[in-house]
Amino acid sequence: LFTVEPYLRESFAEKGIRVRDSAQHEIADNDIRHLINSHGIQKDGIYGVTPGDIKAIPYIIHNADAVYDFPKDGKRGVLYVLDDVDTVYYVEAIAGEKAFTGKQMIKAPKGTIPKAYAGIVGNKEAFIASPNGSNAPRMYVQDVTRSNATNTMPHSSAESNPSEANAEEN
């Protein structure tokens, strides 16, 4: 999709984790199928992930209100959170030296945190940074409780606002 941002590489370097300058964000086709099959509209109704949401992943990553260190299954990960109009987007990636691989996307109503992220979102120890350079999360919400092929979406056309992308589908 695009190169991992310098602030993330620096943050991981401070934790002793090497991320190459050339590391890329990527998402594999089997992860896209997982998003649609496990978190799509048929499964999660109006908060199901749509193809427009998947196309908006670059936008969500670039415009995240907060980014968290999110270890999962013994691997280092990152959780991007974007609070957009009436929906909050959560995008997970596994962080590696060569790539940050997208693994999960969940949408939730504004003001809620999915159970899987309750211990992370708002946790100052897990907070990495806001892409805007702020040292504190911009979002405050109430806690309620492969195949080997990699898809590469063109950066310019793929970077769209999730609200606009979903409006085009309806």
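Because only heavy atoms are used, hydrogens play no part in the values below, and waters and symmetry mates are left out as well, while side chains stay in.
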Rounded to the nearest 0.5 Å, what separation is found between the [atom1] atom of [X] and the [atom2] atom of [Y]?
X	Y	atom1	atom2	result
Ile61	Glu5	CD1	CD	7.0 Å
Tyr68	Lys124	OH	NZ	10.5 Å
Glu97	Ser22	CD	OG	9.0 Å
Lys98	Glu26	NZ	CD	11.0 Å
Thr101	Ile94	OG1	CD1	7.5 Å
Asp31	Ile54	CG	CD1	10.0 Å

Is there side-chain contact between [X] and [Y], with heavy atoms separated by less than 4.5 Å?
X	Y	answer
Lys115	Ile106	no
Val88	Val81	yes
His34	Asn30	no
Leu35	Gln104	yes
Leu8	Tyr80	yes
Ile128	Phe12	yes

Can you see which heavy atom on [X] is nearest to which on [Y], and at what distance?
X	Y	value
Tyr90	Ile113	OH-CA, 3.6 Å
Val67	Ala64	CG2-CB, 4.2 Å
Ala99	Ala23	N-CB, 4.1 Å
Leu79	Val121	CD2-CG2, 4.1 Å
Arg76	Asp69	NH1-OD2, 2.8 Å

Test salt bridge (Lys or Arg N to Asp or Glu O under 4.0 Å) applied to Lys110 and Asp83, Asp84, Asp86, the passing residue
Asp83
Can you list the steps and then say if Glu92 with Lys103 is a salt bridge (Lys or Arg N to Asp or Glu O under 4.0 Å)?
CA-CA 6 Å; Glu92 291 178 37; Lys103 289 295 179 188; over 6 Å; no
Distance-only polar pair, side chains of Asp53 and Thr50, donor-acceptor under 3.5 Å:
yes
Name the residue from Arg9, His25, Arg20, Gln24 that meets the side chain to side chain donor-acceptor pair (under 3.5 Å) definition with Thr3.
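The residue from Arg9, His25, Arg20, Gln24 that satisfies side chain to side chain donor-acceptor pair (under 3.5 Å) with Thr3 turns out to be Gln24.
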